[in-house]
Amino acid sequence: MLKRIDLTRDYKKHEDEYLAAIKACCEETAFSGGKYADKFDKEFADFLGVKYVQGLNNGTSALHCALAALGVGEGDEVIVPANTYIASAWGVTYTGATPVFVDCTADTWEIDPDRIEEKITDKTKAIVGVHLYGQPFDFPRVKEIADKHGLYIVEDCAQAHGAKVEGKMVGTLGDIGCFSFYPGKNLYAFGEGGAVSTNNAEYDHYMNVMKNQGCEVRYYHKMIGYNYRLEGIQGAVLSVSLKYLPEWTKRRQEIGRRYMAEIKNPKFTLQAHPDNTEPVFHLFEVQVEGDPEKFLEYMKAQDIECNRHYPVPCHLQEAYADLGYHKGDCPNAERLAEHCATLPLFPEMTDEEVQRVIDAVNAY
Ligand SMILES: *Cc1c(COP(=O)(O)O)cnc(C)c1O
């Protein structure tokens, strides 16, 4: 069975290097934060071309820290796309603010700038823009709206490490960038991990104190804190993976472009990738005519595993039933949720495997 994503291939290929990094960390018992976590922060900041990075325990905490650092809290509203992984909204909810969901466009499947302004009220403080599936959202237009209304922009880059808009890396464009290193993300830890990025020293300082139990000086707590630190072993592993990220990204782009060019079956609608962006193909999502579960079964019979991202849009999740959204509020996100399917895509896929996927899709 060709898996949707197979992490064992990378592990086997670089096993010695990963284990040596873990061993070095163990020998120094630099387990919570510490030398290896700090080293990765610097390397990732250099990679992004940003002044500050704080490694964190996961990407959900990154969103929480980012919004808290911007002063978002109870009584505030934050714009979030309806089509995203739910964690994009959790950070807002954790601060006590309310997420306000906005539909995606029919072609890019990213937040629709034309639908943002109608949702802005005098309570709106920020926009969480998500570079979903590795495809940057329309940052220039969202920025224009944010500036006009005095709103902050938090970029959710959990699926878009290294993606670019007009030649600039995501995570350096808005006020704060949020990353996840969950296994299977384009850059991943051997467990949980995340990070925030910013050029603003004040935000960086706030997030550093927040993740560290609210201390600047140990045992003196100047604010309610959290234990959101990155583990040393994850930092050590991430320093190894980061070296390979450019190579992995190139291969993801090769595979993504082949799918774009060679999938010709009219039963499938593919995501649009605007010319001013460089997507990094975290997930290759398609919209399939009819019931996507039938397509998944068909692919399984061809020995190819597919899955779906995401079958329920945020505004219709049970967790947010209190917010009072209904079916029909975000029609593009709802259509996508009803018809989405994810094809296998990971850097270690062979050309033959890519061909098998294309042939199977075209024969459906
Ligand atoms: C994975 C992901 C997150 C959350 O990251 P975790 O590390 O799993 O907490 C947030 N937003 C998006 C878009 C994601 O894909």
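We count ligands from 1, going down the list as the structure has it; atoms in each ligand are counted the same way. Being a predicted model, the structure only gives us computed values, none of them experimental.
- Between the side chain of Arg229 and the backbone N or O of Gly33, no donor-acceptor pair lies under 3.5 Å.
- In terms of protein heavy atoms, atom 15 (O) of ligand 1 is closest to Gln159 NE2, 2.8 Å.
- Below 4.0 Å from some heavy atom of Ser88 lie the following atoms of ligand 1, by number and element: 11 (N), 13 (C).
- Heavy-atom proximity to Gly59, at under 4.0 Å, picks out these atoms of ligand 1: 5 (O), 6 (P), 7 (O), 9 (O).
- Per-residue contacts place Ala158 under 4.0 angstrom from the following atoms of ligand 1 (heavy atoms of the residue considered): 2 (C), 3 (C), 10 (C), 11 (N), 12 (C), 14 (C), 15 (O).
- Screening Thr249, Leu132, Asn186 against His282 for a side-chain contact (heavy atoms from CB on, under 4.5 Å) leaves a single residue, Asn186.
- Closest to atom 2 (C) of ligand 1 by heavy atom, among Lys185, His131, His64, is Lys185.
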### Task
Applying ring pair (Phe, Tyr, Trp, His ring centres under 6.0 Å), run through Tyr182 and Tyr85 and close with a yes or a no.
CA-CA 13 Å; Tyr182 179 79; Tyr85 180 56; 8.3 Å; no
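- The distance criterion of under 3.5 Å between nitrogen or oxygen atoms is not met by Ala87 with respect to ligand 1.
- Contacts between Asp156 and ligand 1, counted as non-hydrogen atom pairs separated by less than 4.0 Å, involve the side chain only.
- In this structure, His282 does not count as a contact residue of ligand 1, since none of its heavy atoms falls inside 4.0 Å of the ligand.
- Looking only at distances, no side-chain donor or acceptor of Asp10 sits under 3.5 Å from a matching main-chain atom of Leu7.
- Residue Asn58 has at least one heavy-atom neighbour below 4.0 Å for each of these atoms of ligand 1: 7 (O), 9 (O).
- Note: His14 and Tyr18 have perpendicular aromatic rings, judged against thresholds of 30 and 60 degrees for the angle between ring planes.
- Annotation for ligand 1: atoms under 4.0 Å from non-hydrogen atoms of Thr84 are 13 (C).
- Atom 9 (O) of ligand 1 has Thr60 OG1, 2.5 Å as its closest protein atom, hydrogens excluded (heavy atom only).
- Judged by distance alone, the side chain of Asn83 and the main-chain N or O of Trp109 form a donor-acceptor pair under 3.5 Å.
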#### Entry: Test log, rule ring pair (Phe, Tyr, Trp, His ring centres under 6.0 Å), inputs Tyr364 and Phe295
CA-CA 8 Å; Tyr364 179 63; Phe295 170 64; 5.1 Å; yes
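- Note on ligand 1: Gly194 sits outside its first shell, no heavy atom being nearer than 4.0 Å.
- Asp112 pairs with exactly one of Asp138, Thr105, Asp107, Val142 by the side-chain contact (heavy atoms from CB on, under 4.5 Å) rule, that one being Thr105.
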